[in-house]
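So the structure is just underneath, and the comments pick up after that.
The chains referred to below are lettered A, B, ... by the order of the sequence lines, with proteins before strands, and numbering in each begins at 1.
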Number of protein chains: 2
Amino acid sequence: MSATDKARDVLLAQGYKWTGPRREIIKLLLDNIERHVSAEELYSILQAKNSEIGLATVYRTLELLAEIGFIHKLNFGDGCSRYELADGDHHHHHLICTGCAKVLEVEMDLLETLEQQIEREYSFAISGHHLKFFGLCQGCQQEAKEDSDEAQ
Amino acid sequence: MSATDKARDVLLAQGYKWTGPRREIIKLLLDNIERHVSAEELYSILQAKNSEIGLATVYRTLELLAEIGFIHKLNFGDGCSRYELADGDHHHHHLICTGCAKVLEVEMDLLETLEQQIEREYSFAISGHHLKFFGLCQGCQQEAKEDSDEAQ
DNA sequence: ATTCTTGCAAAACCTTTGCATACTG
DNA sequence: CAGTATGCAAAGGTTTTGCAAGAAT
């Protein structure tokens, strides 16, 4: 079963309707999920395709998808919300380049020990986490190096 | 040397001026730093004290303080930016309660091994990180438990 | 004196909401 | 048909900006 089908089934199971706009937005979201598209960006893509779907519907659909747990709303500090698939146990972290604002994903989760420790020591029942690293990607490190070479 | 003095020295060293509004905002920020006050909240406190300082100045001062590395801008997902002192090596993480929105701080940093691993495997030069845990604080766990008891 | 800073108001920006219309189950 | 969902426009909230007046070095 595809991710789209899964979204449709969950929506229908919860009394929501499977509409054209929702189908189209979800398709586009999945096609661009690795770019962490924002609502505004999805809307732009729709407009470029001469779609009639309004910005409000994009926002409402993304909110709904987050509500049913199909996606996670992320904040990379660039002024808008971005999204990722809530892919079950697919744990990963984000590397945010402070040079070019690109976001890389790290495929590892070494936080379980830390989580258990926190749950014990702070009596806090953890349900999720979000770990962001800031720094320079390989390309921007290269560029920074070249700039400092030129300056000499 | 107090934190305020340090901020003043860095500002002056970089050609910025040490003004009344900045002094007042920094004092208030430090007094309320553990509450992670937002710009709007600082402005409210100022108004309650009959200060003439405008909201724009609060925003500009906070932005400036973040720029010189005196504070870090944080996002807890409640629609506004909040701040913490960029306290050198004072590493900690945030526990955000999804019940009451309170933010607790965890005084531990077990990410160094993970950071080194990421720097090696992804050629990413890490300069900072932000780790947020979501879940229920002790009080909200208690409340959730009582609610489910009542339901029986 | 020069440069930076301030307050105010207006604008920008992302996001949400009201409402009449259109669609889904 | 009943209940949702949609598009549009308007409103909401946070943050930024233009500008003339004021303050710091």
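Between E40(A) atom CD and dA12(C) atom P there is a gap of 15 Å when expressed in whole angstrom units. Going from atom OH of Y43(B) over to atom C1' of dT6(C) covers 13 Å, rounded to whole Å. Look at CG on L64(B): it is 19 Å from P on dT3(C), rounded to the nearest Å. E41(A) places its CD atom 10 Å from the P atom of dC14(C), with the value rounded to the nearest Å. L74(B) has its CG atom 13 Å from the P atom of dT15(D), to the nearest Å. The CG atom of D9(B) sits 16 Å away from the C1' atom of dA24(D) (whole-angstrom rounding). The CG-C1' distance, from N75(A) to dT14(D), rounds to 13 Å in whole Å. When rounded to the nearest whole Å, the span between CZ of R23(A) and C1' of dT6(D) equals 15 Å.
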Decide salt bridge (charged side-chain N to carboxylate O under 4.0 Å, His left out) for D5(B) and R8(B); before the verdict, give the C-alpha distance in whole Å, the side-chain angles of both, and the deciding distance to 0.1 Å. CA-CA 5 Å; D5(B) 291 344; R8(B) 185 199 55 212; 3.5 Å; yes
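Mapped onto DNA chain D by nearest heavy atom, W18(B) and K73(B) fall at different nucleotides, with K73(B) at the one closer to the 5' end. Along DNA chain D, the nucleotide nearest G79(B) and the nucleotide nearest P21(A) are compared for position; the residue whose nucleotide lies closer to the 5' end is P21(A). Residue whose closest nucleotide on DNA chain C sits further toward the 5' end, between A39(A) and L55(B): L55(B).
For dT24(C), the base has a donor-acceptor partner in the side chain of K17(A) [N/O atoms by modelled type, under 3.5 angstrom].
Considering only side-chain N and O atoms, Y59(B) lies under 4.0 angstrom from the phosphate OP1 or OP2 of dT15(D). At dT14(D), none of the side-chain N or O atoms of S38(B) fall inside 4.0 Å of OP1 or OP2 (strictly under the cut-off).
Set against dA9(D), dT14(D), dA5(D), the side chain of A56(A) has dA9(D) as its closest nucleotide. Counting only heavy atoms from C-beta on, C80(B) has its side chain closest to dT14(D) among dT15(C), dT25(D), dT14(D). In this structure, of dA24(D), dG7(C), dG7(D), it is dG7(C) that holds the atom nearest to the side chain of T57(B). Listed candidates were dT14(D), dC8(C), dT16(C). Nearest to the side chain of R60(B) is dC8(C). Nearest to the side chain of T19(B), among dT5(C), dG7(D), dT14(D), sits dT5(C). Taking only side-chain atoms of L12(B), from C-beta outward, the nucleotide of dT15(C), dT25(D), dG7(D) with the closest atom is dT25(D).
Aromatic ring centres of H36(B) and H94(B): separated by under 6.0 Å. Between H129(B) and H93(A), the distance from one ring center to the other does not fall under 6.0 angstrom. In this structure, H72(B) has its ring center at least 6.0 angstrom away from the ring center of H130(B).
Among the heavy atoms of the strands lying under 4.0 Å from E52(A) are primed sugar atoms or P, OP1, OP2 only; no base atom is included.
For the atom pair CG of L85(A) and CZ of F70(A), the computed distance is 5.0 Å after rounding to the nearest 0.5 Å.
Under a 4.0 Å N-O distance rule, the pair E63(B)/K73(B) does not qualify as a salt bridge.
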